[in-house]
Number of protein chains: 2
Amino acid sequence: MQTRAERFAVFRRALKEKGLKSTAQRDDIARAFFASHRHMSIDDLYREVRKVNPRVGYATVYRTIKLLKECELADEQHFADGQTRYENADREEEHHDHVICDRCGRIVEFSDDSLEQLQEEIAARLGFVLAHHRLELYGICRECREGRGAPAPTDRMGRVRP
Amino acid sequence: MQTRAERFAVFRRALKEKGLKSTAQRDDIARAFFASHRHMSIDDLYREVRKVNPRVGYATVYRTIKLLKECELADEQHFADGQTRYENADREEEHHDHVICDRCGRIVEFSDDSLEQLQEEIAARLGFVLAHHRLELYGICRECREGRGAPAPTDRMGRVRP
DNA sequence: GTCAGTGCAAAAGATTTGCATGCGA
DNA sequence: TCGCATGCAAATCTTTTGCACTGAC
């Protein structure tokens, strides 16, 4: 498990290797991203960064998250609601998948070796060599079933925000 | 396996039940959708329908695909490239998942009972009652590995179109 | 000093919506 | 006839881009 500081160092090093510059904006955005809860939308990240540095533009957030993706420090996720979200990637950490509550939007991560293995087998049977995959399970979480689920936070479109 | 005619009948019936009208546009869009190869984008569908009925607007395609989703005749898919696509849903047909070739964009469908069962177990362990799920495997298909893969068709954005 | 990086605004792409008109029941 | 459905255009949202200016190296 990488620490925030380690990730930040990876980012700085990657910039240097690519001949790109370190700037206050990039640093602030990367730091906000590394410090974040998982599964942030661009808008979440923009708001977080603005708290620290109100001089950051929306475009720079997009440009920087693209850099973070290239450095494999951010993973882009397209969940069923169509919203694009990003999460901290960690090369040392095991791959994981998501279970998402249809009612409250809660996202729980899990990983399961026999599942991974089964997927490899299925792909091989179809003639594919697997590079990566995405699995999302959708259902109702225990809290919601028992009627004590917190009301789901929604964005201006009324969509659930995890 | 439902035939096109059966799906069309389901659609007609659903409209009637909801107190909605059958119109030439809705019929043409539904027919084009049912007749289609799988995984159409809105734009694909729009172009198909225009071949038959050039008097159909983009908005109506969006409005009608939304109806088809409500009738569970269309499934919305958000693949990793971010493009929204729709496929024919069939309640009588087994649920299936996708393997997607990273190189040529080919999409192969499969279904596997032990996989489904394993997912149920994992979800239950986490306190979820599963409603549905999405699994996409990404890798390189045999044809591409052996260097005889067809060049992938791409849209105006340069994205692979399955 | 140079040139990549930035903010802003504008553009571009995807989807939705308001409204006057059309047409199915 | 009465409303729902439609086409169009305009509005919204998301993401990208052009450009003049700023700041890292």
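What's counted below: heavy atoms across the whole structure, side chains too, no hydrogens, waters or symmetry copies. In the text below, chain A, chain B and the rest are named by the order of the sequence lines, each starting its count at 1. If you're wondering where the values come from, they're calculated on a predicted model, not measured in any experiment.
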> Atom NZ of B:Lys69 to atom C1' of C:dT15: distance rounded to whole Å?
Replying inline: 11 Å
> Listed by chain and number, what are the salt bridge (charged side-chain N to carboxylate O under 4.0 Å, His left out) partners of A:Arg26, not counting sequence neighbours?
Replying inline: none
> Would you call A:Glu136-A:Arg134 a salt bridge at under 4.0 Å N-O?
Replying inline: yes
Under 3.5 Å donor-acceptor pairs involving side-chain atoms of residues 11-19 of chain A, not counting sequence neighbours:
unit_1  : atom_1 : unit_2  : atom_2 : d
A:Arg12 : NE     : A:Ser22 : OG     : 3.4
A:Arg12 : NE     : A:Asp27 : OD1    : 3.2
A:Arg12 : NH2    : A:Asp27 : OD2    : 2.6

> Taking the inter-plane angle between the rings of A:His39 and A:His98 on a 0 to 90° scale, is it parallel (under 30°), tilted (30 to 60°) or perpendicular (over 60°)?
Replying inline: perpendicular
>> Which residues in residues 18-27 of chain B have a heavy atom closer than 4.0 Å to any atom of DNA chain C?
In response: B:Lys21, B:Ser22
> Could you give the CG-to-P distance, from B:Asp28 to C:dG24, as a whole number of Å?
Replying inline: 12 Å
>> Please determine whether any donor N or O and acceptor N or O are separated by less than 3.5 Å between the side chain of B:Arg63 and the base of D:dG7.
In response: yes
> Please give, in whole Å, the distance from C:dT15 C1' to B:Glu76 CD?
Replying inline: 11 Å
> Checking side chain to side chain contact (heavy atoms under 4.5 Å, CB included) for the pair B:Lys69/B:Tyr86: CA distance, chi angles, key distance, verdict?
Replying inline: CA-CA 9 Å; B:Lys69 274 195 286 179; B:Tyr86 299 86; 4.2 Å; yes
>> Please determine whether a side-chain nitrogen of the Lys or Arg among A:Asp112 and B:Arg125 lies less than 4.0 Å from a carboxylate oxygen of the Asp or Glu.
In response: yes
>> Looking only at the side chain of B:Lys66 (C-beta and beyond, no hydrogens), which of the listed nucleotides D:dT17, D:dT15, C:dT16 gets closest?
In response: C:dT16
> Does A:Thr84 have a side-chain nitrogen or oxygen under 4.0 Å from the phosphate oxygens OP1 or OP2 of D:dT14?
Replying inline: no
>> Tell me the interatomic distance from A:Asp43, atom CG, to D:dT12, atom C1', rounded to whole angstroms.
In response: 14 Å
> If Ile, Leu, Val, Met, Phe, Trp and Tyr residues are connected whenever their side-chain heavy atoms lie under 4.5 Å apart, and connections chain through other members, are B:Phe128 and A:Ile140 in the same group?
Replying inline: no
>> Whole angstroms only, please: what is the OH-C1' distance between B:Tyr58 and C:dA12?
In response: 13 Å
> In whole angstroms, how far is the P atom of D:dA24 from the NZ atom of A:Lys16?
Replying inline: 14 Å
>> Between A:Ala59 and B:Val56, which residue's closest nucleotide on DNA chain D lies nearer the 5′ terminus?
In response: B:Val56
> Within this structure, what is the CZ-to-P distance between B:Arg55 and C:dT21, rounded to whole angstrom?
Replying inline: 16 Å
> In whole angstroms, how far is the P atom of C:dA11 from the OH atom of A:Tyr62?
Replying inline: 18 Å
